[in-house]
Amino acid sequence: MLELNDIHTFYGPIEALKGITLKVNQGEIVCLIGNNGAGKSTTLMTISGILKPKAGTISFIGSDISDMPPHSIVEMGISHVPEGRRIFPRLTVKENLEMGAYSVSRRLKTTPPIPPLARGGVGGVKSQFDKVYEMFPVLKEREKQMGGTLSGGEQQMLAISRALMSEPKLLLLDEPSLGLAPIIVSRIFKAIREINKEGVTILLVEQNAHAALNLSGRGYVLENGRIKMHGQGKDLLNSEEVKKAYLGE
Amino acid sequence: MFIQQLINGLTLGGVYALIALGYTMVYGILELINFAHGEIYMLGAYLGIIFLAFFTTVGLTAYSLPLAMILTFVLSVIFCSAYGFTIEKIAYKPLRNAPRLSPLISAIGVSIFLQNYVMLTQGATDKIFPNLFEKAGIEFIGARVTYTQIFIIAASAVLMLSLNLFITKTRMGKAMRAVAQDKVMASLVGINIDTVISATFIIGSALAAVAGLMVAIYYGLVNYSIGYIAGIKAFTAAVLGGIGSIPGAMFGGVLLGLVESFSAAYISSEYKDAYAFIILIIILFIKPSGLFGKSQEEKV
Ligand SMILES: Nc1ncnc2c1ncn2[C@@H]1O[C@H](COP(=O)(O)OP(=O)(O)OP(=O)(O)O)[C@@H](O)[C@H]1O
Ligand SMILES: [Mg+2]
């Protein structure tokens, strides 16, 4: 579904990604682990088009997306929950979700012939609201509150929900457990599993290597802008090298 | 006397607010002080004179003055929006990733260019806006309110309310707020940043065009440098209200108009233009981020 082929990304003169090749298949949860500064966030930002690779190609369901602007990549079906959640602080919870549906609301407006009933209610956006409110009921309660006033855990739920509003085929998640209490982390991981069960492919970046590898079918280990290892989640969990470097064992 | 000054102040304040909105919206999104914005206001006034003269020549003004005026407003707004849109594309967009000083210098360049362009094509002397509305008005608890004043106050209020609705209720309005808060995240949800920036320049320029044309009608005189002082005043109003804040610009504009009008009447009109800045200094002293500005801590 998604293929990165020898991707090189720079920040000015600094080469942050030194030839990343990786692959995510339809329906998988793939995780990307690595130390601080390894290039995990840079990889996701390059996929979603915020950063442009200097060399290499990115293809998504058969199309080359490496030259596309971010908004077109969202329209292709890739949604990105960035590191630090980046909730719009002075938009309400509901408005944050509406912005998540920005690309879809245009699709609905410009291609009218689908009768509303066929999409369940007043178009797809409405039913997507119901879906995320069902997954995280607290967001419904907080609907009218400003995004900036939510707690860290609520913000993460909102960030994931916002990303789901565009009905993505592929979800990029950057450290969703960062700074959250263990009980919230398990809520979030449970939600990730559910989202995947509904057919959304997931590329997950995590510091929390143990939980991430447990959740994922396959994993990649990133070090210094390069892929150091990859394999089945379970195999990586048992590998001596990963244990020593990332699991603190 | 009090009511009279109140009306005069509101008239002036409405105009300042309309111009201030353009400054604040562009600043909110690009963190750029668009020095050329005052010139858009000046162009609005000139275009008004040009179009009205044309309609008078072809006999439309004599046939129906309201129709001629409406068309004049519409055309000035369209032309000024086109100017605003083009200025952004030519002078600011190529510098979007340049150091912050570069687009600022570019803005000053555009401002100087437009002033000289109008001076060369329209002449350096004052132009007269035809006095079509005489000085008719109504008596109102001892004050004289002209129809032009009523029109300016009403039009400013309607435009500000509409802008508020647009920003809070529509898809594009919400996208503008999202872009102002976090451009990267706005791209990640699928907002085309370039479209939003263009829309911001178009809307700001349209408001400035209306302000320019209304002032031309109000004072009856226009020259190529009116954008300079009006621009500085409106910018002051935007800073007063908290630059980047839309309600702030509205409030700041009206406040500035009232302060000018009352201080000119009750203190002295000799320093009329200085009061704006005295108020600015006082407010920034008490609240550095402006009346409606977000303080630094909030801006995570
Ligand atoms: N905006 C930037 N400008 C310059 N260098 C950057 C920038 N962002 C990241 N880098 C550098 O690129 C490299 C990769 O950073 P990246 O943020 O992708 O790491 P990461 O694996 O996500 O780390 P973390 O676990 O801390 O989030 C690091 O060396 C970092 O210093
Ligand atoms: Mg990171």
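By convention in this document, chain letters (A, B, ...) are assigned in the order of the sequence lines, proteins followed by strands, and residues within each chain are numbered from 1.
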Subject >> Greater than 12 external heavy atoms within 6.0 Å of B:Lys183's NZ >> reply: yes

**OP:** Indicate yes or no: at least one non-hydrogen side-chain atom of A:Pro82 is less than 4.5 angstrom from one of B:Leu188.
**Re:** yes

Original post:
What's the shortest heavy-atom distance between B:Gln181 and A:Leu91, and which atoms?
Top reply: OE1-N, 3.7 Å

Subject >> Proximal component of B:Thr168, with respect to chain A [non-hydrogen, under 4.5 Å] >> reply: backbone

Original post:
Taking everything shown except A:Tyr11 itself, do over 12 heavy atoms lie less than 6.0 Å from its OH?
Top reply: yes

Original post:
Is B:Phe79 atom CZ crowded by more than 12 heavy atoms from other residues, nucleotides or ligands, each under 6.0 Å away?
Top reply: no

**OP:** Look at atom CG of A:Asp67 and say whether more than 12 heavy atoms of other residues, nucleotides or ligands are closer to it than 6.0 Å.
**Re:** no

Original post:
Between A:Tyr102 and B:Gly190, which heavy-atom pair has the shortest distance, and what is it?
Top reply: CD2-O, 3.4 Å

Original post:
Hey, does B:Arg177 have a side-chain heavy atom less than 4.5 Å from the side chain of A:Arg90?
Top reply: no

Original post:
Mind checking which of residues 37-55 of chain A sit less than 4.5 Å from chain B, heavy atom to heavy atom?
Top reply: A:Met45, A:Ser48, A:Ile50

Original post:
Hey, what do you get for CD (A:Glu95) to CZ (B:Arg171), rounding to the nearest 0.5 Å?
Top reply: 14.0 Å

**OP:** Please check if atom CZ in B:Phe292 has more than 12 non-hydrogen atoms from other residues, nucleotides or ligands closer than 6.0 Å.
**Re:** yes

Original post:
Between atom NE2 of A:His80 and atom CE of B:Met185, what is the distance when rounded to the nearest 0.5 Å?
Top reply: 8.0 Å

Subject >> chain B neighbours within residues 141-162 of chain A, where any heavy atom lies under 4.5 Å away >> reply: A:Arg162

Subject >> From CG (B:Asp194) to NE2 (A:His71), nearest 0.5 Å >> reply: 7.0 Å

